[in-house]
Structure formats: C-alpha cells, structure tokens
Student: 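What follows is a structure written as structure tokens; I'll ask about it next.
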Amino acid sequence: GAADALVGRVRHLVYIDAVVPFSGECWSSAQPAATQAARRAAIAQTGFIPPPDPSIFGLTGADHAWVARRQTPHPGGVYDAPLDFDAQRWAALPRTFVDCTTPALATIAPIRERVGAQPGWTVHEIATGHDAMVSEPDALVRILLSVV
C-alpha cells in the first residue's frame with residue numbers, strides 16, 4: 001500500500017516475515033479463523049489489537065524485555081481494511097521475502113506458501129523469530145544490503 005503511493009520511487013519490495021496481500025485483501029485475509037475471531041473481538045472491545053508476548057517471536061532475556069517495553073497496541077481499523085493496489089506493477093519489480101523460521105510465526109504460514117507458489121520471488125531464510133531486527137540484526141542487514 002505504501003509502495004503504491006510512491007510510484008516510480010520504489011525499485012525493490014522487501015517483506016520481512018510479513019503479510020503479502022493480493023490486491024483487495026486485508027491484513028486478516030490469509031489468517032486462520034481463530035486468529036481472526038480473537039483479533040476482531042479485541043478490536044470490538046478496545047479498538048486495538050493488543051501486542052503479543054515477545055516470546056511468540058522467540059525472544060528471551062534482555063531482548064524479550066526490551067521489546068515488551070516498547071510494544072504498543074495496533075490500531076484495529078486496518079485489520080479488515082482492503083488494500084487496493086496495482087498488482088501487475090508490483091509483480092514486475094524484484095520482490096524479496098525474508099522468512100524467519102525459528103520459531104516460525106504461525107500467522108505467516110499461509111503467506112510463506114503463497115510466496116513460494118508465485119514466480120518472481122527471492123526468499124531468504126533466517127533461523128530466528130519474527131523480530132529479526134532484534135534477534136538477528138546482522139543477518140537481516142546482510143540480506144537487505146544484498147538487494148540494493
């Protein structure tokens with residue numbers, strides 16, 4: 001969505017263990033029904049999705065504490081908001097998916113399958129959890145520098 005607002009200025013799309021929607025889909029579209037129900041219930045009650053325990057990202061010790069102190073609830077309005085963009089434009093650009101595999105975040109599983117089934121993707125795996133920028137920053141930087 002952000003890239004669509006920057007037409008002509010984006011040369012390469014990089015998704016770091018992230019949702020990769022089709023045009024017209026929402027953040028929620030590829031998530032399991034139980035996840036959707038829990039998040040929608042939280043949104044209905046508070047307007048937000050509460051931050052998860054950082055242990056779900058494989059974080060422990062000082063990294064767990066650091067992330068826990070900094071997380072904030074996510075505004076719920078975007079969870080079911082469709083994202084419309086020119087899919088052909090972005091499919092023509094190089095696209096990289098950074099797959100954080102240890103532990104693999106369950107809500108990203110359908111996206112891993114989606115990316116693996118589509119042509120034109122370069123996939124890099126990092127044996128770390130969803131917060132690679134915290135748990136494996138050097139490995140993530142090497143990948144990012146390789147795509148510029």
Side-chain angles (χ1 to χ4, degrees), residues 1-40 42-44 46-54 56-59 63 66-148:
D4 221 42
L6 299 169
V7 174
R9 296 175 59 193
V10 176
R11 295 180 312 197
H12 195 125
L13 296 170
V14 178
Y15 296 81
I16 302 171
D17 212 42
V19 173
V20 180
F22 291 134
S23 185
E25 286 187 333
C26 311
W27 174 13
S28 64
S29 294
Q31 295 190 334
T35 300
Q36 291 175 350
R39 289 182 174 174
R40 288 175 180 144
I43 293 165
T46 67
F48 295 93
I49 299 170
D53 185 300
I56 197 170
F57 306 141
L59 298 175
D63 286 344
W66 188 86
V67 169
R69 285 192 310 272
R70 287 162 174 79
Q71 289 189 116
T72 60
H74 197 291
V78 299
Y79 189 64
D80 285 314
L83 186 60
D84 294 310
F85 54 89
D86 184 340
Q88 289 181 337
R89 175 186 310 136
W90 302 115
L93 287 181
R95 292 166 291 152
T96 297
F97 186 81
V98 179
D99 188 4
C100 299
T101 62
T102 309
L105 194 59
T107 56
I108 302 295
I111 301 304
R112 287 183 189 92
E113 293 176 22
R114 175 181 286 184
V115 166
Q118 293 178 11
W121 284 92
T122 300
V123 176
H124 293 274
E125 290 186 5
I126 302 177
T128 194
H130 184 67
D131 271 354
M133 65 291 285
V134 175
S135 55
E136 285 293 338
D138 293 339
L140 181 58
V141 166
R142 281 191 298 276
I143 292 169
L144 295 174
L145 290 174
S146 77
V147 301
V148 292

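Everything quoted here is computed from the prediction, not taken from an experiment.
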Student: Classify the side-chain pair Ser135/Asp63 by whether it contains a donor and acceptor separated by less than 3.5 Å.
Tutor: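 Result is no, nothing qualifies.
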
Student: If we only count heavy atoms from C-beta on, is the His12 to Val148 side-chain gap below 4.5 Å?
Tutor: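 No, every pair of side-chain atoms sits at 4.5 Å or beyond.
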
Student: Which atoms form the tightest heavy-atom contact between Cys26 and Asp80, and what is the distance?
Tutor: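 That closest heavy-atom pairing would be SG-O, 3.1 Å.
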
Student: Are any non-hydrogen side-chain atoms of Trp121 and Tyr15 less than 4.5 angstrom apart?
Tutor: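 Counting from C-beta outward, Trp121 and Tyr15 do come under 4.5 Å.
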
Student: Give the minimum heavy-atom separation between Pro21 and Val19, together with the two atoms involved.
Tutor: CD-O, 3.5 Å

Student: Looking at Arg69, I'd like to know if its CZ atom is crowded, meaning that more than 12 non-hydrogen atoms belonging to other residues, nucleotides or ligands lie closer than 6.0 Å.
Tutor: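 More than 12 within 6.0 Å, yes.
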
Student: Mind listing the closest non-hydrogen atom pair of Pro103 and Gly58 along with its distance?
Tutor: CD-CA, 3.5 Å

Student: With a 6.0 Å cut-off (strictly less than), is the heavy-atom count around CZ of Arg70, excluding the residue itself, greater than 12?
Tutor: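 Counting neighbours around CZ of Arg70, more than 12 heavy atoms of other residues, nucleotides or ligands fall under 6.0 Å, so yes.
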
Student: Do the side chains of His74 and Tyr79 get nearer than 4.5 Å, heavy atoms only?
Tutor: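 A side-chain contact is absent here, since even the closest heavy-atom pair is not under 4.5 Å.
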
Student: Please identify each residue that fulfils ring-ring contact (aromatic ring centres under 6.0 Å, His included) with His130, with sequence neighbours left out.
Tutor: Phe57

Student: Is there a donor-acceptor contact under 3.5 Å from the side chain of Gln71 to the main chain of Pro52?
Tutor: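 Side chain of Gln71 to backbone of Pro52: a pair is present.
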
Student: Taking the side chain as every heavy atom from C-beta outward, state whether Phe48 and Arg39 have any atom pair closer than 4.5 Å.
Tutor: no

Student: Quick check: do Glu25 and Pro82 have side-chain heavy atoms less than 4.5 Å from each other?
Tutor: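 No, side chains not in contact.
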
Student: Whether the Trp90 and Asp4 side chains hold a donor-acceptor pair (N or O, under 3.5 Å, no angle test) is what I'd like checked.
Tutor: yes

Student: Are Pro51 and Pro73 close enough that some pair of their side-chain heavy atoms sits under 4.5 Å apart?
Tutor: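 Side-chain contact under 4.5 Å: yes.
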
Student: Side chains of His124 and Ser146: does their closest heavy-atom pair fall under 4.5 Å?
Tutor: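 In short, these two side chains touch, coming nearer than 4.5 Å.
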
Student: Show your reasoning for whether side chain to side chain contact (heavy atoms under 4.5 Å, CB included) applies to Leu59 and Val67.
Tutor: CA-CA 8 Å; Leu59 298 175; Val67 169; 3.5 Å; yes

Student: Hey, could you give me the SG/CG distance between Cys100 and Leu140, rounded to the nearest 0.5 Å?
Tutor: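 The SG atom of Cys100 sits 7.5 Å away from the CG atom of Leu140.
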
Student: Compare all side-chain heavy atoms of Asp17 with those of Arg112 and state whether any distance is below 4.5 angstrom.
Tutor: yes

Student: Which pair of non-hydrogen atoms, one from Arg40 and one from Ser28, has the smallest distance, and what is that distance?
Tutor: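 In this case the closest contact between Arg40 and Ser28 is NH2-OG, 3.5 Å.
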
Student: At what distance, to the nearest 0.5 angstrom, does CD1 of Ile49 lie from OG1 of Thr35?
Tutor: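 Here the interatomic distance stands at 10.5 Å.
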
Student: What distance separates Ser23 OG from Arg89 CZ, expressed to the nearest 0.5 Å?
Tutor: 10.5 Å

Student: To the nearest 0.5 Å, tell me how far Met133 CE sits from Asp131 CG.
Tutor: 5.5 Å

Student: Over all heavy atoms of both residues, which pair between Ala132 and Ile126 is shortest? Give the atoms and the distance, please.
Tutor: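 Ala132 and Ile126 have their closest heavy atoms at CB-CD1, 4.3 Å.
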
Student: May I ask you to establish whether Arg114 and Phe97 are in a cation-pi arrangement, using a distance under 6.0 Å from NZ or CZ to the six-membered ring centre and at most 45° from the ring axis?
Tutor: no

Student: So which heavy atom on Leu13 is nearest to which on Ala3, and how close?
Tutor: CD2-CB, 3.8 Å

Student: Is the number of heavy atoms from other residues, nucleotides or ligands within 6.0 Å of CD1 (Ile56) greater than 12?
Tutor: no

